[in-house]
Every structure is written in structure tokens, then in C-alpha cells.
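Here the structure comes first, spelled out in C-alpha cells, and everything after it is commentary.
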Amino acid sequence: MRYLGMHQQPHDHWLEVMNQSKYRKYASDRYNEGPLIDELETRIAALLGKPDAMFFNKGVTCQLAALKVHCKQHNQVMLHPQSHIVQDEQDAYQALMGLEGVLVGQMDQPITLEDVQSTNQGVAVLVIELPLRRAGFKLPTWQQLLQLRQWCNEHQVIMHLDGARLWESANYYGLAWASIANLFDSVYVSLYKGLGGMSGAVLAGNAEFLTQCAVWRERLGSNMWSACPALITALHGMDQNLHHISSWVNRAKEIAKALQGIEGLIVDPPQTNGFQVKTAGNIYQLNNRLKALSTQLEISPCKPFAAIPNSKLLYTEIQVGAQHSDIKTYELVQFFKQLTAAT
């Protein structure tokens with residue numbers, strides 16, 4: 001099977017990466033200490049222009065720790081209703097950390113200044129997800145981000161970046177990762193999406209903030225005896241993939257442009273390496289056809305289709321990753337022509 005974007009790798013893949021990596025010769029890590037940890041944290045901090053950085057085994061615990069430390073005076077967190085923290089973590093920030101969500105923003109658009117001004121409820125931290133994946137990998141404009149930063153300054157609100165896909169977002173702004181991260185008091189980045197590591201996350205900010213987060217990292221069960229597979233594959237991914245990510249965004253734009261000519265298909269213009277494709281039809285028939293075509297043509301271009309609330313349309317996500325060149329654009333056009341013709 002050929003894959004356009006991120007996908008589950010077999011065990012042999014990870015064993016091969018680790019066996020061939022120069023990082024396998026580093027001394028072992030133990031309880032989040034060691035040369036692999038130091039190398040990873042130092043490099044991420046430099047890329048983001050932050051004083052310090054801290055490894056976590058998972059992004060959920062990374063952001064839980066960050067939000068808990070930020071919420072000293074108030075326990076309210078301002079979030080988009082479509083954000084990952086709200087949609088995909090079983091309300092962990094509320095159930096485990098005792099925090100309260102203040103949800104603002106339109107369902108299909110990133111948070112704007114008008115959104116944060118719409119509530120007079122005091123909050124400790126504003127979380128911005130770049131891009132807002134569930135809204136179709138949407139990004140606010142640079143001017144909108146500057147406005148949000150100014151609002152946070154005026155209201156003594158901390159601005160935290162859910163940057164799981166920050167690496168993939170910088171192309172849209174034409175800026176370095178550090179220039180974007182500079183707007184935020186703290187930044188979380190993923191090690192396994194664009195970078196292609198096995199797992200893990202890094203939280204960046206000032207030393208005092210991270211020292212307090214370290215306590216919560218241990219309380220949340222993230223002080224692991226060893227995390228060497230995640231560390232080795234993350235460093236390997238930084239070497240192999242980081243400088244290619246902007247070309248993935250360009251490929252996404254090429255694919256989207258080619259798909260826009262297919263009747264019955266609505267294609268969002270990509271702002272990152274991911275975008276949504278929408279169509280009408282029976283969801284069961286469409287996904288059965290999608291599975292059959294993928295098996296027949298041995299390509300996996302997208303996720304299964306899902307329903308859009310309050311709409312007759314269905315949507316899927318297309319993401320471009322490290323192995324995207326294995327699938328040609330004309331193959332994708334033929335694939336979606338066959339898919340929509342059958343619905």
C-alpha cells in the first residue's frame with residue numbers, strides 16, 4: 001500500500017530506523033534525563049526561539065501540565081469548540097486538572113479578536129491551535145494573531161500555542177518557526193506528525209514555567225524509565241523530514257488544484273499540508289467504495305468520510321507526508337473521479 005500522508009508503520013520500520021540511526025550510540029536516557037533528551041530539548045528550544053524546552057511522552061499530558069501551571073489566578077481556559085483539547089481528550093483538562101473551558105469561535109473558523117471580545121468572563125490562558133484541524137486545517141492571518149497577542153497583553157492573559165502541526169503551518173506565514181512561537185508564552189509541538197517520530201511531544205517556554213511543569217509531568221505519569229524509541233526516531237525525523245515540510249504544503253496545493261476540477265467534489269484551498277474534501281452521498285456506500293478502491297489501486301489518499309453536522313455533505317481529510325511522492329497527482333485525480341462517479 002502507498003500512503004500520501006502519515007500512517008501506522010510496522011514494527012520492522014521502527015526497528016530499522018533505530019538500528020540505522022546515529023543516535024542509537026548515545027548513552028541511555030533515564031527518567032527524562034540523558035544526552036538524547038538534552039539534544040532533543042536543546043534543538044527544539046532553538047528552533048522555537050524559547051529559553052528552554054521539555055520532553056513529554058504524549059501531547060495530552062504536555063498540555064495538561066502547561067494549562068495547570070498557567071492557571072494560578074483563574075481556572076478558566078479559553079478554547080475553540082473544535083480544538084483538539086475539547087474534542088479529542090475526554091475533557092481531561094476539566095476532569096483531571098479542575099479547569100473550566102470557556103469556548104469561543106465559529107465552528108469552521110479559527111479564533112479571532114471579535115471572538116475573545118465576545119465574553120467578559122475572566123480567563124487565565126487563551127489556547128490557539130495552529131492549524132485548527134477539525135475546521136479543515138484553518139489558520140488565522142498574521143494580523144489576527146497579532147491582535148490576539150495584544151488582547152492577551154491588555155487583559156493579562158497567557159497565550160499558549162497548541163502547535164502539534166506548527167512545523168506544517170510556518171509556510172503559510174512565510175516566517176520562521178521562532179517568529180511564530182515568539183507571539184506565545186508557551187508552545188507545544190508534536191514529534192510524530194510532521195517530524196515522523198514514533199511518539200512524544202515537547203513543551204517550550206521559560207525555565208521557571210518548565211520547572212513547575214516538571215512536577216505535573218511526574219504526577220501525570222510521564223516521567224518514564226526510558227523513552228529511547230521516541231527520542232531516537234524524533235531526532236532522526238528532525239534530520240530527515242523537517243526541511244522537507246514546506247514542499248509537502250506545496251504538494252498539497254498541487255493536489256487540491258487538480259481535484260477541484262472533479263464534478264461533485266468540493267475542495268478547500270490548503271493552508272498547510274492538510275485540507276478537507278467534501279461531497280454528497282451515502283456515507284456507508286462511499287466509505288465501502290473508498291476501501292475497495294484503495295485495495296484495488298493500492299493507494300491510501302485520505303481518511304474515511306465523516307458526516308458534517310447540520311449538513312448533507314460528507315468530508316474527508318487529505319494530508320501530505322514524507323512518502324507523498326509514491327502517489328502521483330494523476331492517480332489521485334483518477335481515484336476521486338472513480339469514487340464520486342460511483343456515488
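Just so you know, residue 1 is the first one in the sequence shown, and it goes up from there. Being a predicted model, the structure only gives us computed values, none of them experimental.
Other residues, nucleotides and ligands contribute more than 12 heavy atoms inside 6.0 Å of the CD atom of Gln117. Within 6.0 Å of NZ on Lys278 lie more than 12 heavy atoms contributed by other residues, nucleotides or ligands. Heavy atoms from other residues, nucleotides or ligands lying under 6.0 Å from NE2 of His11 number 12 at most. Counted within 6.0 Å of CD on Gln260, heavy atoms from surrounding residues, nucleotides or ligands total more than 12; the atom is thus considered enclosed. Crowding of Glu114 atom CD: a count of heavy atoms from other residues, nucleotides or ligands under 6.0 Å exceeding 12. Around the CD atom of Glu33, the shell of radius 6.0 Å holds no more than 12 heavy atoms that belong to other residues, nucleotides or ligands.
The backbone N or O of Asn153 lies less than 3.5 Å from no partner atom in the side chain of His155, so there is not a single donor-acceptor pair. A donor-acceptor pair is defined here as one N or O able to donate and one able to accept, closer than 3.5 Å; such a pair exists between the side chain of Glu331 and the backbone of Lys328. Formation of a donor-acceptor pair under 3.5 Å by the Asn282 side chain with backbone atoms of Gln285 is found in this model. Between the Gln323 side chain and the Arg2 main chain, no donor and acceptor come within less than 3.5 Å of each other.
The shortest non-hydrogen separation linking Leu113 to Trp151 is CD1-CB, 3.8 Å. Closest approach of His80 to Gln109, counting heavy atoms only: NE2-O, 2.7 Å. Closest of all the heavy-atom pairs between Val86 and Pro81 is CG1-O, 3.6 Å. Of all the heavy atoms in Ala178 and Gly49, the pair that sits closest is CB-N, 3.7 Å. Residues Pro270 and Ala252 approach most closely at CG-O, 3.6 Å, considering heavy atoms. Of all non-hydrogen atoms in Cys302 and Phe336, the two that sit nearest each other are SG-CZ, 4.0 Å.
No continuous path of ILVMFWY side-chain contacts below 4.5 Å connects Tyr192 to Met54, so the two sit in separate hydrophobic clusters. The hydrophobic clustering, which links ILVMFWY residues whose side-chain heavy atoms are closer than 4.5 Å, places Leu161 and Val69 apart. Leu64 is connected to Leu67 through a chain of hydrophobic side-chain contacts under 4.5 Å among Ile, Leu, Val, Met, Phe, Trp and Tyr, so both are in one cluster. The hydrophobic cluster containing Ile318 also contains Ile283, counting ILVMFWY residues as joined when their side-chain heavy atoms lie under 4.5 angstrom apart, directly or transitively.
Checked by atom type, the side-chain pair His160/Gln63 shows a donor-acceptor distance below 3.5 Å. In this structure, a donor-acceptor pair under 3.5 Å is present between the side chains of Lys72 and Gln212. A donor-acceptor contact under 3.5 angstrom links the side chains of Asp239 and Tyr23, judged on distance only. Side-chain atoms of Ser325 and Arg251 form no donor-acceptor pair, as typed in the model, at a separation below 3.5 Å. For the residue pair His236 and Ser21, no side-chain donor N or O sits within less than 3.5 Å of a side-chain acceptor on the partner. When only modelled atom types and interatomic distance are considered, Gln150 and Glu154 share a side-chain donor-acceptor pair under 3.5 Å. Neither side chain, Glu129 nor His84, offers a donor N or O lying under 3.5 Å from an acceptor on the other. With hydrogens and angles left out, the side-chain atoms of Ser222 and Asn57 include a donor and acceptor closer than 3.5 Å. No side-chain N or O of Thr316 forms a donor-acceptor pair with one of Gln276 less than 3.5 Å apart. A donor-acceptor contact under 3.5 angstrom links the side chains of Thr112 and Asp115, judged on distance only.
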Checklist entry - Which is it for Ile111 and Val104 under the side-chain contact (heavy atoms from CB on, under 4.5 Å) test, yes or no, and what are the steps along the way? => result CA-CA 7 Å; Ile111 290 175; Val104 300; 4.1 Å; yes
Checklist entry - How far apart are the C-alpha atoms of Thr233 and Met18, what are their side-chain angles, what is the distance that settles it, and do they pass the side-chain contact (heavy atoms from CB on, under 4.5 Å) test? => result CA-CA 7 Å; Thr233 56; Met18 288 187 283; 4.0 Å; yes
Next on the checklist: One pair to check against side-chain contact (heavy atoms from CB on, under 4.5 Å): Thr141 and Tyr172. What are the steps and the verdict?
Outcome noted: CA-CA 9 Å; Thr141 66; Tyr172 175 75; 4.1 Å; yes
Checklist entry - For Asp185 and Arg149, what are the C-alpha separation, side-chain angles and deciding distance, and is it a side-chain contact (heavy atoms from CB on, under 4.5 Å)? => result CA-CA 10 Å; Asp185 299 288; Arg149 177 70 262 180; 3.2 Å; yes
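Between Trp216 and Met97, some side-chain heavy-atom pair lies under the 4.5 Å cut-off. A 4.5 Å side-chain heavy-atom check between Trp225 and Arg30 finds at least one atom pair inside the cut-off. Using a 4.5 Å heavy-atom cutoff, the side chains of Leu314 and Leu286 are in contact. In this structure the side chain of Tyr173 reaches within 4.5 angstrom of the side chain of Leu139, judged on heavy atoms. Between Val267 and Ile262, the closest side-chain pair of non-hydrogen atoms is not below 4.5 Å. Side-chain contact check for Phe184 versus Leu166: every heavy-atom pair is 4.5 Å or farther apart. Within the 4.5 Å cutoff, the side chain of Ile245 has no heavy atoms near those of the Asn273 side chain. Put simply, the side chain of Leu297 does not reach to within 4.5 Å of the side chain of Gln334, judged on heavy atoms.
Between the CG atom in Leu126 and the CD atom in Gln76 there is a gap of 13.5 Å [rounded to 0.5 Å]. Atoms CG and CG, from Leu191 and Leu231 in turn, are 8.5 Å apart once rounded to the nearest 0.5 Å. To the nearest 0.5 Å, atom CD1 of residue Ile255 and atom OG1 of residue Thr329 are 5.0 Å apart. Summarising the geometry, atom CH2 belonging to Trp167 is positioned 6.5 Å from atom CH2 belonging to Trp177; distances are rounded to the nearest 0.5 Å. Interatomic distance, CG of Leu242 versus CE of Met238, reported as 6.0 Å (0.5 Å rounding). Interatomic distance, CG of Asp52 versus CG of Asn206, reported as 8.5 Å (0.5 Å rounding).
The distance between the ring centers of Trp248 and His244 does not fall below 6.0 angstrom. Aromatic ring centres of Phe209 and His70 lie closer together than 6.0 Å.
The only option from Gln82, Glu317, Gln87 that meets the side chain to side chain donor-acceptor pair (under 3.5 Å) definition with Arg133 turns out to be Glu317. Each of Asp162, Ile180, Val187, Thr272 was checked for a side chain to side chain contact (heavy atoms under 4.5 Å, CB included) with Leu130, and the lone residue meeting it is Ile180. Results of the side chain to side chain contact (heavy atoms under 4.5 Å, CB included) test with Leu79 over Ile85, Val123, Ile128 single out Ile85 as the only residue that passes.
Cation-pi contact between Arg165 and Phe137: absent, since separation from the ring centre below 6.0 Å together with deviation from the ring axis within 45° is not met.
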